[in-house]
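Notes follow once the structure below has been shown.
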Amino acid sequence: MNNVPVTLSEKIGRDLHRNPSHPLGIIKDRIEGYFKERAATTGVAVECFDNLFPVVPIVNNFDDLLIPPDHVSRSPIDTYYVDDKQVLRTHTSAHQSTMLGKGLEAFLVTGDVYRRDEIDRTHYPVFHQMEGVRIFPGLLESRGSREDGVKEVEKDLKEALEGMVVTLFGDVERRWVDTYFPFTDPSFELEIFYNDEWLEVLGCGVMQQEIVRRAGKGETLGWAFGLGLERLAMVLFQIPDIRLFWSTDERFTKQFEAGKITTFAPFSKYPPCYKDVSFWIDKVAGFNNNDFFEIVRGVGGDLVESVVLVDEFVHPKTGRASKCFRVNYRSMERSLTNEEIDVLQEEVRTQMSDALKVELR
């Protein structure tokens with residue numbers, strides 16, 4: 001069952017979000033500080049966790065959050081399985097039921113999460129999320145009706161998150177958008193008008209009652225939200241490529257200081273090196289893009305800036321399907337040579353031919 005590549009397992013323990021001088025750590029600390037200050041007015045202490053191990057039981061990652069057994073997110077195509085009982089968490093919500101079961105009423109969980117995904121400047125197989133939860137013991141009984149209780153929880157949720165946004169972005173224009181999540185109802189996304197465009201900041205909602213029941217809290221009402229730290233950091237610090245967060249180059253790391261949000265100054269722009277790969281797909285074996293992306297990542301690592309599908313067609317006579325992907329190699333720290341990239345590309349071709357059962361063209 002294990003489909004975790006070595007290149008990914010090496011990221012476990014880097015804990016970028018725990019470095020107070022890293023953009024992710026700066027945002028985490030600012031959000032935690034806001035909720036701790038707000039706790040003084042609500043009277044409910046907020047506990048913060050940022051060192052929970054990312055290998056979690058499948059039941060916590062999916063079942064406890066009411067994600068259906070046939071949901072696509074459970075597939076090894078999308079999720080990294082450690083074995084038949086554990087995964088690398090795909091969201092920090094994986095700790096929600098455990099924390100509630102321990103008796104916590106308000107908490108924040110920040111950590112690295114893992115998903116198989118496409119390759120471009122905004123996607124990476126490991127990124128960082130923050131989960132926030134607050135429950136309201138006794139509220140349902142005091143309000144007399146679930147409808148009134150839900151309205152009060154929703155009101156507190158929106159007030160809390162709008163205040164958080166102001167702490168990060170200033171007093172920007174905001175709007176709430178109704179949406180759907182399997183673990184909350186009603187569910188919302190919060191958008192802000194920033195840099196002349198609407199930006200989605202987070203998803204949230206009133207927790208599904210069944211989730212609360214499974215955690216041993218009965219009919220207690222509560223809210224939950226989740227946000228991506230990289231998404232916010234790329235906007236606030238104007239960082240153009242998600243790979244930069246993992247850089248140890250001092251030209252990157254020395255630009256940031258704990259507690260301060262500053263504009264990133266690009267220190268290089270090295271030329272790209274494009275390589276195309278075309279192939280016929282085996283009708284029986286099939287083909288999934290994420291499997292191909294994993295091979296490219298495994299070979300090229302952070303030298304791969306993006307992988308784009310540039311052509312696909314079905315042969316009119318044979319019915320065989322063909323795809324062509326363009327792999328863009330570009331280092332953030334030095335110029336690449338065509339010779340060294342040819343070696344990597346040839347290894348990509350070899351591995352995909354063997355593992356994906358495709359016929360190279």
Side-chain angles (χ1 to χ4, degrees), residues 1-11 72-83 87-88 90 114-127 240-244 246-247 269-361:
M1 283 291 291
N2 189 297
N3 64 341
V4 182
V6 173
T7 52
L8 192 67
S9 62
E10 291 173 345
K11 304 290 187 184
V72 64
S73 64
R74 290 179 180 255
S75 169
I77 292 173
D78 291 333
T79 295
Y80 292 105
Y81 280 80
V82 176
D83 52 40
V87 297
L88 285 175
T90 62
Y114 301 78
R115 296 180 194 173
R116 301 180 91 212
D117 211 337
E118 57 195 293
I119 302 176
D120 58 34
R121 293 187 182 186
T122 62
H123 292 86
Y124 203 78
V126 51
F127 53 105
D241 193 311
I242 197 169
R243 294 176 299 165
L244 279 165
W246 296 90
S247 176
K269 186 64 173 178
Y270 296 103
C273 183
Y274 295 105
K275 298 293 179 180
D276 289 356
V277 56
S278 302
F279 50 90
W280 296 106
I281 297 170
D282 187 286
K283 289 183 179 180
V284 177
F287 179 84
N288 184 275
N289 290 353
N290 280 353
D291 291 333
F292 173 63
F293 297 153
E294 283 297 294
I295 289 175
V296 175
R297 279 197 180 101
V299 173
D302 284 352
L303 293 182
V304 182
E305 180 176 89
S306 64
V307 179
V308 180
L309 179 66
V310 294
D311 183 60
E312 60 182 335
F313 71 94
V314 176
H315 194 285
K317 293 184 178 179
T318 66
R320 300 178 75 192
S322 170
K323 287 179 179 279
C324 177
F325 284 92
R326 178 160 296 157
V327 183
N328 175 18
Y329 296 89
R330 190 203 308 258
S331 171
M332 297 175 288
E333 300 168 357
R334 64 183 178 86
S335 292
L336 302 174
T337 67
N338 193 60
E339 290 74 19
E340 69 177 311
I341 297 306
D342 279 343
V343 172
L344 296 179
Q345 187 69 1
E346 187 57 36
E347 179 63 21
V348 167
R349 291 172 60 88
T350 298
Q351 288 194 23
M352 62 183 295
S353 178
D354 294 340
L356 305 182
K357 309 305 180 185
V358 298
E359 180 184 335
L360 296 169
R361 297 177 59 197

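Nothing fancy with the numbering, it's 1 onward along the sequence.
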Of all heavy-atom pairs between [X] and [Y], which one has the smallest distance, and what is that distance?
| X | Y | result |
| --- | --- | --- |
| P76 | R116 | O-NH1, 3.0 Å |
| I77 | N290 | O-ND2, 3.1 Å |
| E118 | R297 | O-NH2, 2.7 Å |
| S335 | E340 | O-OE2, 4.2 Å |
| S353 | L360 | CB-CD1, 4.1 Å |
| A355 | I295 | CB-CD1, 4.2 Å |

Once you round to the nearest 0.5 Å, how far does [atom1] of [X] lie from [atom2] of [Y]?
| X | Y | atom1 | atom2 | result |
| --- | --- | --- | --- | --- |
| S278 | E359 | OG | CD | 12.0 Å |
| T122 | D241 | OG1 | CG | 9.0 Å |
| C273 | D342 | SG | CG | 7.0 Å |
| F279 | I281 | CZ | CD1 | 5.5 Å |
| M332 | S247 | CE | OG | 5.5 Å |

Margin query: A side-chain contact here means heavy atoms from C-beta on lying under 4.5 Å apart; do M352 and V358 qualify?
Written below: yes
Next item on the list: Answer yes or no: is there a side-chain heavy-atom contact under 4.5 Å between W246 and K11?
Entry: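 When only atoms from C-beta onward are counted, K11 and W246 do touch, with a gap below 4.5 Å.
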Note to self: My understanding is that only residues two or more places apart in sequence, or in another chain, count here; which of them pass ring-ring contact (aromatic ring centres under 6.0 Å, His included) with F292?
What the structure shows: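 ring-ring contact (aromatic ring centres under 6.0 Å, His included) list for F292, sorted by chain: F325.
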Item checked: Check: H315 main-chain N/O paired with R320 side-chain donor or acceptor under 3.5 Å -> no
Next item on the list: Look only at the side chain of N2 and the backbone of V82, and say whether a donor-acceptor pair between them is shorter than 3.5 Å.
Entry: yes
Margin query: Set out, in order, the CA-CA distance, both residues' side-chain angles and the distance that settles side-chain contact (heavy atoms from CB on, under 4.5 Å) for D354 and T350, then state yes or no.
Written below: CA-CA 6 Å; D354 294 340; T350 298; 3.9 Å; yes
Checklist line | Residues that P5 engages under side chain to side chain contact (heavy atoms under 4.5 Å, CB included), provided they are two or more places apart | finding: T7, L8, Y80, E294
Sequence neighbours left out, cut at 3.5 Å: what donor-acceptor pairs do the side chains of residues 300-312 make with other protein atoms?
| from | atom 1 | to | atom 2 | distance (Å) |
| --- | --- | --- | --- | --- |
| D302 | OD1 | Y124 | OH | 2.6 |
| D302 | OD2 | Y124 | OH | 3.1 |
| E305 | OE1 | R121 | NH2 | 3.3 |
| E305 | OE1 | N328 | ND2 | 2.7 |
| E305 | OE1 | R330 | NE | 3.4 |
| E305 | OE1 | R330 | NH2 | 3.3 |
| E305 | OE2 | R121 | NH2 | 3.4 |
| E305 | OE2 | R243 | NH2 | 3.4 |
| E305 | OE2 | R330 | NE | 2.8 |
| E312 | OE1 | K323 | NZ | 3.1 |

Next item on the list: Show your working on side-chain contact (heavy atoms from CB on, under 4.5 Å) between L356 and F287 and close with a plain yes or no.
Entry: CA-CA 7 Å; L356 305 182; F287 179 84; 3.7 Å; yes
Margin query: Consider side chain to side chain contact (heavy atoms under 4.5 Å, CB included). Of V4, L88, V87, T79, which one does Y114 pass it with?
Written below: L88
